[in-house]
There are 2 protein chains.
Amino acid sequence: MPRWEHGSEERLKQAALELFQEQGFEDTSAVQIAERARVTTRTFFRYFRDKEEVLFADADALKETLVHDLLQAADVSEPLRAVTRTLAGFDWGRLGSRESQHRRNAMIAANPRLLERELVKQHQVADGLGDALRRRGIDPDVAELAAGAGVQVFRTAYQRWLAGDDDTDLTTMIETVLSSLAVLVPGARSRPG
Amino acid sequence: MPRWEHGSEERLKQAALELFQEQGFEDTSAVQIAERARVTTRTFFRYFRDKEEVLFADADALKETLVHDLLQAADVSEPLRAVTRTLAGFDWGRLGSRESQHRRNAMIAANPRLLERELVKQHQVADGLGDALRRRGIDPDVAELAAGAGVQVFRTAYQRWLAGDDDTDLTTMIETVLSSLAVLVPGARSRPG
DNA sequence: ACAGTGATGTCGCGTCGTGACATCAGCTGG
DNA sequence: CCAGCTGATGTCACGACGCGACATCACTGT
């Protein structure tokens, strides 16, 4: 097998993000992206299902990583904590600076179609984590709920971290949000210390 | 203001559901739907944003109802229970027989685009319920988590009810799932009785 | 030199969704 | 009864989307 340059995908992604930044997502067409990357429109759609998918190119790999981490986790006797620990353990800086993640987030929030896609990706992560928990021997219903709630907790913490009013660590943020979940559950008592 | 027949919307909806049933969602075009309803394609898109939206025509009204119910709820001191009670209190039979809801569900599950839309609608319901809780004086973070978790619980219960292996009541199903959530939270003890 | 393979280009097509304007029915005041 | 208004629908044109089918070109190993 030849060592293809595989330059197109990266160039397309780069071109798309630039154009989204310059003129917004809606007002950027696949044709424009392809032109800037010096390929055909057809080629664009070979690499990306649709325009939306460019912004979520890493999501699938991210999911795989998280699932892998959870499968390797030392202790899953408390499923919800195992999930949040897994999410907290990931190096989110790999996805770019907080500033750039913030811009990406704003763009997604501003566009219904992008918001849909984001929810799907999060849902898929939750699904994957739930499946991982089941493979670790957790009861199916509990696994699903733990994964869902865990992702929910993370989402809240992540949004707060993105807002960046204070400089709290993402891990700490997750812990804070998680602890507030305890008061939700009937019969729960707040954690000591 | 004239008493318009307003027949088009209902006819379009009817035609669309028939065609989806007959030949699947993907293989049905807006043109076909419009033809069967004896209107123009343009008219179809005046009533529905897109093909997907036909299957979620009632979702917005449903959300409003649920939000209204939660705002009127007697007791929200336990936010999560308030949410699940609200969801359990709704008359889901209004959305059609369990059989027809099951078919609708299968169709959605089989199509990525429809799945996206469904997640969005559920998310909007959770958003609305979270907002309602906030207006009832619940702490914002707790409100968001309670709404999210509540919808999550409901979704699990609903799926199980749809599957219909046993003939358990939806309300009972919700209660069952909810009780299993308790074991998730660190420091929680299971409910007595 | 040759055939094989994978990325890309080319062409054509049906669908999607919308803006702009025309039309037609019914109602409303004179 | 006419004129004018209003809201639903039709008509037309258009750009964007996404994909199937096939051609082409670069590079590979033998």
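Order of the sequence lines fixes the chain letters, A, B, ..., with proteins taken first and strands second; residue numbering starts at 1 for each chain.
Base contact: B/T40 has a heavy atom under 4.0 Å from a base atom.
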Set out, line by line, the N/O atom pairs under 3.5 Å between protein and nucleotides 14-16 of chain D.
none

Could you go through nucleotides 18-20 of chain C and list every protein N or O atom that sits under 3.5 Å from one of its N or O atoms, giving the distance for each pair?
| unit_1 | atom_1 | unit_2 | atom_2 | d |
| --- | --- | --- | --- | --- |
| C/dG19 | N7 | B/R42 | NH2 | 3.1 |
| C/dG19 | O6 | B/R42 | NE | 3.0 |

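Atom pair B/I33:CD1 and C/dG14:C1' shows a separation of 15 Å (rounding to whole Å applied). Distance CD (A/E35) to P (C/dG9): 12 Å, rounded to an integer number of Å. Going from atom CZ of B/R11 over to atom P of D/dA8 covers 15 Å, rounded to whole Å.
With sequence neighbours left out, the side chain to side chain contact (heavy atoms under 4.5 Å, CB included) criterion links B/R49 to A/E116, B/E53, B/R117. For the side chain to side chain contact (heavy atoms under 4.5 Å, CB included) test, residues two or more places apart in sequence or in another chain that qualify with A/A82 are A/L70, A/V76, A/R85. Legend: residues meeting salt bridge (Lys or Arg N to Asp or Glu O under 4.0 Å) with B/R103, ordered by chain and number and at least two apart, are absent. Evaluation of the salt bridge (Lys or Arg N to Asp or Glu O under 4.0 Å) rule for B/D60 yields B/K121 as partners, not counting sequence neighbours.
Contact check, A/Y47 against C/dA7: no side-chain N or O comes under 4.0 Å of OP1 or OP2. Remark: A/T43 is in phosphate contact with C/dG9, judged by side-chain N or O atoms under 4.0 Å from OP1 or OP2.
In this structure, B/R113 and B/R38 both approach DNA chain D, and ranking their closest nucleotides by distance from the 5' end singles out B/R38.
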Side chain to side chain contact (heavy atoms under 4.5 Å, CB included) assessment of B/V177 paired with B/T84
CA-CA 10 Å; B/V177 176; B/T84 53; over 6 Å; no
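Of the possible polar contacts, none joining the B/T40 side chain to the B/T43 backbone as a donor-acceptor pair under 3.5 Å is found. Side chain of B/K63 to main chain of B/D127: no donor-acceptor pair is present (N/O by atom type, distance under 3.5 Å, no hydrogens or angles).
For the pair A/R104 and A/F56, the distance from NZ or CZ to the six-membered ring centre is under 6.0 Å and the angle to the ring normal is within 45 degrees.
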